[in-house]
Amino acid sequence: AEAWGIADVVARYWMRRGFDVLHPVGWDSFGLPAENAAIKRNEHPATYTYANIETQAESFRRYGVSFDWSRRLHTSDPEYYRWTQWLFLRFMERGLAYRKNSAVNWCPNDQTVLANEQVVAGKCERCGAEVTKRELTQWYFRITEYADRLLDDMKDLEGSWPERVLLMQKNWIGRSQGAHVDFVVHDSKVTVFTTRPDTLYGATFFVVAADAPLAEELCAPEQRAAFEAYRDEVRKLSDIDRQSTDRPKTGVSLGVTATNPLNGEELPVFAADYVLAHYGTGAIMAVPAHDQRDLDFAREFGLPVRVVVDTGEPDPAETGIATVGDGVLVNSGPLDGLRKDEAIAKTIEILAERGTGEGAVNYRLRDWLLSRQRFWGAPIPVVHCGACGEVAVPDDQLPVLLPADMKGADLQPKGQSPLASNEAWVNTTCPSCGGPAKRDTDTMDTFVDSSWYFLRYCSPSYDEGPFDPAAVREWMPVAQYVGGVEHAILHLLYSRFFTKVLHDMGMVDFTEPFSALLNQGQVINQGKAMSKSLGNGIDLGQELSVYGVDAIRLTVVFAGPPEEDIDWADVSPTGSVKYLARVARLATDVAALTGDARDESIDKATARVVDEVTRLTEAHRLNVAIARLMELTNALRKGVDGAAPGAASLRDGVAALAVMLSCYAPYTAEEVWSRLGHDVEGGDSVHDSSWPSADPALLVEDTVVCVVQVAGKVRDRLEVPPSIGEDELRSLALASDAVVRALNGADIRTVIVRAPKLVNVVPV
RNA sequence: GCGCGCGUGGCGGAAUUGGCAGACGCAACGGCUUUAGGUGCCGUCGCCUUCGGGUGUGGGGGUUCGAGUCCCCCCGUGCGCACCA
């Protein structure tokens with residue numbers, strides 16, 4: 001279901017339970033969509049953005065969501081991005097924001113760099129264009145410094161975050177345990193990372209990533225022409241082509257050898273594209289017997305295959321299948337006879353003694369590239385001075401405002417930030433020496449804006465810092481976060497990183513921002529997504545006009561578990577409309593009853609449903625909770641239509657129903673409340689009432705139905721007291737006509753008794 | 001290729017620790033009310049049936065007194081990662 005639908009039920013439930021609930025709303029309003037629209041319309045992005053937000057806010061209001069509109073914020077407001085910039089400067093002070101030159105992901109369509117996380121299957125996450133590489137100097141956040149903590153702290157989230165999200169983050173961070181091993185090429189040290197130092201004696205060649213600067217450095221003069229031709233071919237390949245796994249291995253000899261630090265062996269060095277420049281050190285020792293990729297390469301180039309771990313499997317040189325499992329070391333000098341784990345430890349020990357290597361941990365995670373060559377984002381608050389270099393804009397000069405006079409064609413992407421062409425904006429004075437200087441013209445990735453917004457909600461107009469520490473102490477961390485799984489490794493990882501940094505800065509006293517996470521599904525139509533993100537309810541808006549708010553809300557939540565997508569083609573708001581009308585009629589009929597008669601069966605039905613709906617709501621089993629409310633409605637209807645209605649019990653039942661329903665169908669619930677005689681106009685609202693409680697005495701059943709099986713098949717049902725003893729139940733079951741008939745004279749082997757619910761009579 | 005998840009009526013979906021499969025609703029069908037019905041009420045609704053019952057949760061096997069639920073294999077499907085050394 002839609003995020004607002006789920007979150008609103010949960011928020012209203014806790015409000016009814018008497019908690020102070022912070023249920024905020026806001027807009028992550030910087031970003032490419034607004035900028036592209038502004039170019040098309042020849043406007044400033046702000047014009048488009050804020051008009052659009054008003055439309056969406058209007059739409060949100062129609063859903064009757066219990067947002068606290070007084071805390072509403074927009075990340076593109078100067079009073080918000082002032083603090084985004086302020087936080088950037090704090091990161092910079094701590095060495096967590098830095099600039100480096102590197103090959104980066106480049107979207108040729110949006111004309112901007114992208115973070116690793118924003119490249120999906122080789123394509124731009126936003127526009128789908130094939131991503132290419134560019135050599136550029138860019139700003140990064142040093143998220144890799146927090147890799148271990150991001151990984152280790154996940155244990156605090158287990159059970160309250162979806163396992164899938166934790167797994168995705170774990171894979172994304174990709175910690176591998178291994179060793180750095182120093183080889184020698186000519187006279188210089190070349191280090192590789194390996195997870196299998198135990199196989200060092202099995203290395204028969206050495207490979208450097210063709211596109212790594214290292215390949216060029218190592219190349220012998222006589223191989224230079226061949227190498228450059230190969231490298232240029234590799235560079236032409238797109239990421240997608242390069243990543244397809246079943247390509248034959250290619251490469252070129254660099255005409256040099258690398259010395260194995262363990263046995264002194266000279267290994268031929270190749271440049272190849274199956275080794276990645278940006279993982280590990282961009283170079284590997286190749287052990288074809290025990291690594292499939294190395295084996296493929298060895299067979300392609302006729303290189304030797306030497307088994308050093310006997311796994312009991314056939315010879316890789318013959319089968320073409322590398323053996324990667326555990327086994328006993330052979331052909332490995334001092335390692336012979338050891339098992340894999342022992343050999344790994346022993347190798348690291350030997351390498352350390354000789355000073356030619358050490359145990360090491362490597363991550364798949366890379367630093368977060370945060371600068372963008374686009375206009376509609378928070379400007380990076382740095383000034384470049386010929387004399388002083390990179391100089392932070394002083395806090396009291398924040399925010400560095402976006403120019404208000406750029407629009408349309410001024411924003412056309414041209415490979416560098418549109419801000420660069422605005423000389424009045426770019427040219428400034430150095431805060432340090434006072435000399436002429438230029439502003440950094442890049443803006444920040446919008447994921448920076450959204451990495452701390454939840455903190456701002458606690459004190460949205462605080463102006464002495466990004467947030468009021470006292471307010472954050474009161475409200476944070478977020479008790480229940482609701483969002484789509486598409487944020488698993490972007491927003492959710494970045495926010496965790498930010499929180500940890502803020503913790504280290506002493507600004508917050510917790511290390512995880514979101515204590516519990518619910519991944520809601522979305523509303524789709526005939527198998528296709530129709531509302532891409534939270535807030536786009538345009539399609540539902542039409543339905544809402546036809547069926548009414550409550551019917552749409554109920555339909556969305558009742559359709560299935562919150563985590564699942566709802567196909568609008570599968571559900572019918574008509575059913576919800578009828579149900580709500582039925583509840584309203586019930587209220588009228590019950591209000592018309594007089595007297596104080598009670599009916600225990602009604603009281604019990606109410607108590608049972610209150611108890612179950614309470615538990616189901618807390619477990620976010622909202623579709624089942626609605627089913628229980630419908631059952632209660634049916635029971636109350638029968639009570640009203642019965643011969644001797646228990647008026648007082650029915651009134652209490654409908655009142656409890658109204659309060660529970662107020663989380664799902666707030667308008668109908670208020671109407672019911674009013675029909676029951678509450679002075680809604682005078683301020684007696686169902687939305688200020690307390691969640692009903694179930695009298696434990698009413699939850700105790702007088703009798704329970706005991707199922708009697710013969711050979712596992714149900715043959716009879718007995719009404720018995722819940723406290724019935726095993727022996728008594730056994731005799732009762734054996735005396736049953738249906739059981740006697742089913743046994744048909746057969747001898748009994750055993751009788752399983754699970755009092756009071758079940759008896760299973762097993763014949764021989 | 002590797003990893004994770006999911007397969008229940010015509011449909012959406014229910015089913016504590018293994019213990020009445022199909023709650024609740026949609027659609028459909030029959031009846032009553034109605035001038036009328038996109039209303040309301042009553043009823044039927046997995047499949048087969050000689051009306052006793054038999055059978056049934058993707059397929060096959062296993063554990064168990066008992067399996068939708070646990071284990072193994074297979075099929076289908078969705079998602080994540082994808083040359084990560």
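Sequence lines set the chain letters: A, B, ... in the order given, protein chains first and strands last, and positions in each chain run from 1.
- Rounding to whole angstrom units, CG of residue A:Leu492 and P of B:G80 are separated by 15 Å.
- Comparing the same atom, C1', in B:G1 and in B:G54 gives a spacing of 46 Å after rounding to whole Å.
- Atom CD1 of A:Ile321 and atom P of B:G1 are 14 Å apart (whole Å).
- Partner of A:Val708 under the side-chain contact (heavy atoms from CB on, under 4.5 Å) criterion, chosen from A:Val714, A:Leu718, A:Leu732: A:Leu718.
- Regarding the sugar-base torsion, B:G52 falls in the syn class, its angle being within 90° of 0.
- Taking the C1' atoms as reference points, B:C20 lies 25 Å from B:G10, given to the whole Å.
- Residue A:Pro763 comes nearest to A:Ala711 through the heavy atom pair CD-CB, 4.0 Å, listed as atom of the first residue, atom of the second, then distance.
- The CZ atom of A:Arg247 sits 10 Å away from the P atom of B:C83 (whole-angstrom rounding).
- Nucleotides B:C11 and B:A27 have their C1' atoms positioned 7 Å apart, rounded to a whole Å.
- Distance alone, capped at 3.5 Å, is enough to place a donor-acceptor pair between the A:Lys604 side chain and the A:Val700 backbone.
- Anti is the conformation of B:G25, whose glycosidic angle sits further than 90° from 0.
- Residue contacts shown for A:Lys713 are limited to sugar-phosphate atoms, with no base heavy atom under 4.0 Å away.
- Atom CD1 of A:Ile344 is separated from atom C1' of B:A85 by 13 Å (rounded to the nearest Å).
- Residue A:Arg585 places at least one side-chain N or O closer than 4.0 Å to OP1 or OP2 of B:C41.
- Taking atom P in both B:U69 and B:C6, the straight-line distance is 12 Å, to the nearest Å.
- Only the C1' atoms considered, B:A28 is 29 Å distant from B:G76, to the nearest whole Å.
- Checking A:Arg715 against A:Val762, the closest nucleotide of RNA chain B that is more toward the 5' end is the one next to A:Arg715.
- Between A:Leu167 atom CG and B:C2 atom P there is a gap of 16 Å when expressed in whole angstrom units.
- Rounded to whole Å, the distance from OH on A:Tyr363 to P on B:A85 is 13 Å.
- For the pair A:Asn634 and A:Arg582, the minimum side-chain heavy-atom distance is below 4.5 Å.
- Taking the P atoms as reference points, B:C47 lies 12 Å from B:G9, given to the whole Å.
- The closest side-chain donor-acceptor pair between A:Tyr579 and A:Thr633 falls under 3.5 angstrom.
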Which dot-bracket notation, 5' to 3', represents the base pairing of RNA chain B when pairs are defined as Watson-Crick or G-U with both distances under 3.5 Å, crossing pairs as [ ], and inter-strand pairs as |?
(((((((..(((......[....))).(((((.......))))).(((....)))..(((((..]....))))))))))))....
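- Listed candidates were B:C81, B:A85, B:C83. Nearest to the side chain of A:Asp273 is B:C83.
- One C1' atom belongs to B:G61, the other to B:C42, and the distance between them is 48 Å to the nearest Å.
- In this structure, A:Arg730 places its CZ atom where more than 12 heavy-atom neighbours from other residues, nucleotides or ligands lie under 6.0 Å away.
- Residues A:Ala277 and A:Ala212 approach most closely at CB-CB, 3.9 Å, considering heavy atoms.
- Separating the C1' atom of B:G25 from that of B:G13 is a span of 9 Å, rounded to the nearest Å.
- At whole-Å resolution of the value, CD in A:Glu564 and P in B:C79 are 13 Å apart.
- A donor-acceptor pair shorter than 3.5 Å cannot be found between the side chains of A:Asp198 and A:Thr347.
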Summarise protein proximity over nucleotides 14-30 of chain B in one line of letters, 5' to 3': B for base, S for sugar-phosphate only, - for none, counting protein heavy atoms closer than 4.0 Å.
SS---BB--BBSS----
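- Stacking of A:Lys249 on the aromatic ring of A:Phe297 is not recorded, the 6.0 Å distance cut-off and the 45° axial limit not both being met.
- Atom CD of A:Glu163 has 12 or fewer heavy atoms from other residues, nucleotides or ligands within 6.0 Å.
- B:C83 atom P lies 13 Å from atom CG of A:Asp291, rounded to whole Å.
- At most 12 non-hydrogen atoms from other residues, nucleotides or ligands lie less than 6.0 angstrom from CG of A:Asp737.
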